[in-house]
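Everything below concerns the one structure shown next.
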4 protein chains.
Amino acid sequence: MPKLPSSSRSAAAGPAQDVPGRTPRNRRLPAHERREQILDAALHEFSERGFGAARMDDIAARAGLSKGGLYAHFGSKDAVFQALMQRMLLPSLLFDDRSPQAPARLSRTSLAAQVDGFLEGAYARLEDDRFIRTLHLLIAEGPRAPEAIAGWRADHLRLLHEQQAGMRRAVESGVMRDSALTEMVHLIHAPILLAAVLKMLQDDTHVSGILPRLRAAHRRLLLELLPPESG
Amino acid sequence: MPKLPSSSRSAAAGPAQDVPGRTPRNRRLPAHERREQILDAALHEFSERGFGAARMDDIAARAGLSKGGLYAHFGSKDAVFQALMQRMLLPSLLFDDRSPQAPARLSRTSLAAQVDGFLEGAYARLEDDRFIRTLHLLIAEGPRAPEAIAGWRADHLRLLHEQQAGMRRAVESGVMRDSALTEMVHLIHAPILLAAVLKMLQDDTHVSGILPRLRAAHRRLLLELLPPESG
Amino acid sequence: MPKLPSSSRSAAAGPAQDVPGRTPRNRRLPAHERREQILDAALHEFSERGFGAARMDDIAARAGLSKGGLYAHFGSKDAVFQALMQRMLLPSLLFDDRSPQAPARLSRTSLAAQVDGFLEGAYARLEDDRFIRTLHLLIAEGPRAPEAIAGWRADHLRLLHEQQAGMRRAVESGVMRDSALTEMVHLIHAPILLAAVLKMLQDDTHVSGILPRLRAAHRRLLLELLPPESG
Amino acid sequence: MPKLPSSSRSAAAGPAQDVPGRTPRNRRLPAHERREQILDAALHEFSERGFGAARMDDIAARAGLSKGGLYAHFGSKDAVFQALMQRMLLPSLLFDDRSPQAPARLSRTSLAAQVDGFLEGAYARLEDDRFIRTLHLLIAEGPRAPEAIAGWRADHLRLLHEQQAGMRRAVESGVMRDSALTEMVHLIHAPILLAAVLKMLQDDTHVSGILPRLRAAHRRLLLELLPPESG
DNA sequence: AATGAATGAGAGTTCATTCAT
DNA sequence: TATGAATGAACTCTCATTCAT
């Protein structure tokens with residue numbers, strides 16, 4: 001029986017040594033750049049292995065310095081995590097402000113264009129590995145960083161409220177129909193979250209097969225329900 | 001920067017010692033029962049702390065035996081996790097088969113009833129702590145148990161395919177309208193996943209405030225798009 | 001690093017599960033037979049893995065009963081070891097009394113015959129796996145069982161003294177020459193010990209190639225030095 | 001039956017705590033020196049208790065660092081053992097090259113001198129505790145480190161072949177007699193192995209009483225058989 | 001700022017031994 | 001006697017953190 005070293009490391013996940021010293025040890029980097037490199041490395045390791053299983057050694061190696069050097073920038077593993085959460089959850093990471101709102105005087109054509117702009121932004125973000133990793137980390141380890149999460153929560157609520165208000169105005173001004181979607185903007189975003197979770201759980205080939213169809217159906221949904229009744 | 005005591009244990013989760021000897025050490029249980037107890041305990045500990053931070057001691061204590069005794073039933077922490085995933089994902093996790101399908105000859109009334117049945121089942125499950133825990137664990141630690149996940153994937157795909165086929169038949173037979181929802185059943189389920197993720201991330205008071213409104217809007221969405229054109 | 005299950009078990013030695021339940025669980029065997037079976041199993045496991053690494057489970061399984069059953073016969077792992085040593089070191093395990101001695105009136109012919117008898121016995125024992133295992137165990141773990149070893153020591157000394165006395169008489173009576181070999185009988189046995197140790201350390205093919213040549217040279221040595229000068 | 005306390009620890013060997021902090025914790029030693037200290041400590045512990053019963057804590061303590069520090073130098077207990085075997089077996093363990101060979105033009109006097117040199121080296125090594133420990137470890141735990149052993153095997157065979165060839169040349173050039181000893185050099189070394197094994201198994205007082213006599217007889221054996229017939 | 005040897009508190013795992021059945 | 005679930009004390013190994021250099 002081959003000796004499996006420890007059991008707290010997934011057999012499925014490749015060892016971090018496979019990507020040794022991604023950054024080739026640039027000495028004495030400006031502190032700010034180093035912090036960014038470290039947080040990039042931390043995002044990778046945390047989302048790959050989870051907070052508990054990620055090792056400071058691996059984060060340091062991926063950031064191109066030694067474990068000791070890492071501690072010159074962050075006082076603890078938790079500090080790295082908190083800082084990462086802070087950076088991740090800067091406004092509009094999960095949602096940007098391009099979701100269909102209601103600028104004055106909106107022709108149907110421009111509504112379709114706006115929907116397409118929204119979808120383009122949202123589904124493009126799904127292709128960004130960092131976005132998926134971030135969301136995964138948020139879901140998986142969020143409860144570990146309640147304060148950081150609190151910031152995200154507030155942000156998230158504010159954005160949704162703004163969008164909801166915009167919807168309401170759009171309906172009142174007649175550029176959008178009153179529908180389930182304008183009643184709860186959550187419904188507009190739900191398919192994107194679904195897609196993101198699928199990317200976390202299903203294999204890539206299946207997801208990349210489904211994504212375009214999901215996007216098309218999502219577009220159809222929005223264009224079926226958002227435009228005003230007549231025209 | 002405040003120094004966190006040990007850093008690898010969540011500050012949010014209370015220590016397991018707070019609930020000592022939950023099961024009062026029933027000696028010599030039939031192996032089958034013990035396994036169930038252990039998996040129950042494991043679900044609790046894993047979802048509370050994550051796989052990495054959960055301790056075999058705590059799982060054992062919660063299951064009412066010693067750590068050594070635990071190892072008589074599962075050869076490793078990973079094995080516990082695998083078995084847990086196996087057991088959890090037997091009944092299709094995210095969906096049951098009550099989502100709106102198309103029995104022959106369906107009046108609009110019965111479609112509404114069917115929609116309500118679907119929503120009732122889905123949103124009731126959201127109130128089940130075990131469901132949320134399980135889904136959280138699936139998302140957070142899924143990649144750790146690729147084989148167990150593979151089973152879930154297959155299940156999930158099969159169910160979706162069946163539902164999609166049902167939708168197609170319903171459209172062809174005229175009991176449902178051709179819409180974004182019938183084109184991609186995913187869109188029907190997306191709001192529920194959104195709700196589940198909100199439950200994981202937002203505080204309970206906010207979520208319980210939103211949930212009924214989300215459910216109402218979800219219902220409205222389905223009833224706006226599913227029924228056939230005429231009526 | 002692939003996860004190796006435990007580290008205290010040699011990767012080179014096959015797991016004991018490979019030979020599961022060598023004896024097919026005969027229930028309620030006479031105590032004496034069971035003890036013998038257990039000691040056989042223990043000899044195998046101890047010599048294969050060493051005392052420390054041998055497991056009571058494996059010994060029990062090899063003996064055809066459960067761990068609990070084993071403890072009905074021996075109170076502890078040490079007790080098994082002690083009993084094994086006792087049994088192993090019954091007189092003349094390592095040496096028998098056929099080494100060349102001096103019966104009255106010994107022609108040179110019969111000396112050669114006696115040498116051959118001695119060699120036959122000694123080198124035949126080298127082919128006996130149990131002999132090699134026993135000697136290996138004696139060397140490897142002897143210090144663990146000082147009392148058992150004490151018995152062997154006494155035996156060993158007594159036998160050598162007898163042989164030495166026999167040699168002296170043979171020289172005095174003129175049937176053997178006074179030589180290094182008669183001065184120290186140890187020298188007569190040394191090549192056999194060498195062969196045994198080689199069997200423990202070198203690979204079988206090499207040893208089986210060397211053994212006949214060693215035996216021939218050993219024979220030549222004895223016949224060169226033991227017979228009286230003239231004739 | 002007297003119950004032995006823990007049973008997996010030899011009653012004969014004193015606990016390592018009796019010699020606490022043998023090395024007074026020199027912090028930050030160069031890695032190379034530390035490795036040597038660790039291997040020294042490992043030789044002691046392994047040979048005292050056997051591989052299985054030796055504890056990493058004790059090895060670390062004896063080497064003057066903490067258990068964790070030990071693992072910075074060797075990845076596992078097995079790795080320590082392998083490295084130890086490697087180091088131990090570099091200089092040919094059992095034989096050096098001073099065994100009687102045949103330099104050109106060798107008078108009988110110088111042959112005797114050469115024999116004495118050989119015996120001096122061999123029996124001096126028997127007084128070296130490290131030699132006995134090493135040999136004991138090789139016999140007792142050799143099968144655990146097949147790769148390390150492979151190196152030793154090759155070495156051992158090479159040395160014997162060279163000696164054998166030297167013997168053949170010595171016989172052909174007439175400086176040695178053709179005898180059992182020149183036919184198989186093993187016979188020359190056998191008494192030394194016997195002495196070593198006796199040191200492992202018999203008590204010191206007995207062995208130190210026998211050793212000089214064995215050495216004398218060994219000398220006599222060589223001088224009786226090696227010199228050429230004439231004189 | 002950076003390095004990496006060293007620490008030390010666990011955590012996972014093993015296994016001799018016990019004991020209810 | 002026999003079974004095998006259960007115990008608990010070790011033991012190996014890990015890793016966040018410290019600190020001499």
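Sequence lines set the chain letters: A, B, ... in the order given, protein chains first and strands last, and positions in each chain run from 1.
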> Whole-Å distance between F:dT1 C1' and C:E33 CD?
Replying inline: 15 Å
> Can you tell me how far the CZ atom of C:R55 sits from the NZ atom of C:K77, to the nearest 0.5 Å?
Replying inline: 9.5 Å
> Rounding to a whole Å, what distance do you find between B:D57:CG and F:dA9:C1'?
Replying inline: 13 Å
> F:dC15, F:dG8, F:dA2: which one has an atom nearest the side-chain heavy atoms of A:R55?
Replying inline: F:dC15
> Given E:dT14, E:dA1, E:dT17, which nucleotide is nearest the side-chain atoms of C:K77?
Replying inline: E:dT17
>> Could you tell me how far apart D:Q37 (CD) and E:dA6 (C1') are, to the nearest whole angstrom?
In response: 13 Å
> F:dT12, F:dA6, F:dG4: which one has an atom nearest the side-chain heavy atoms of D:Y71?
Replying inline: F:dT12
> Rounded to the nearest 0.5 Å, what separation is found between the CE atom of A:M56 and the NZ atom of A:K67?
Replying inline: 9.0 Å
>> On the side chain of D:K67, is there an atom forming a donor-acceptor pair with the base of E:dT7 - under 3.5 Å, no angle test?
In response: no
> Which residues satisfy the side-chain contact (heavy atoms from CB on, under 4.5 Å) test with C:R133, sequence neighbours excluded?
Replying inline: C:L43, C:H44, C:S47, C:E48, C:D129
> Which stems does DNA chain E form, counting runs of 3 or more consecutive Watson-Crick or G-U wobble pairs with both distances under 3.5 Å?
Replying inline: E:2-21 with F:2-21
> Once you round it to whole Å, what is the distance between C1' of E:dA16 and CG of C:D58?
Replying inline: 13 Å
> Of all residues at least two apart in sequence or in a different chain, which pass the side chain to side chain donor-acceptor pair (under 3.5 Å) check with B:D40?
Replying inline: B:R87
>> Return whichever of B:A72 or C:A31 has its heavy-atom-nearest nucleotide of DNA chain F closer to the 5' end.
In response: C:A31
> Rounded to whole angstrom units, what separation is found between the CZ atom of C:F74 and the C1' atom of E:dA16?
Replying inline: 16 Å
> Listed by chain and number, what are the side-chain contact (heavy atoms from CB on, under 4.5 Å) partners of B:A42, not counting sequence neighbours?
Replying inline: B:F46, B:I59, B:V80, B:L84
>> If you assign B:L70 and A:M56 each to the DNA chain F nucleotide with the nearest heavy atom, which residue ends up on the more 5' nucleotide?
In response: B:L70
> Which pairs pass ring pair (Phe, Tyr, Trp, His ring centres under 6.0 Å) with one or both residues in residues 57-78 of chain D, sequence neighbours excluded?
Replying inline: none
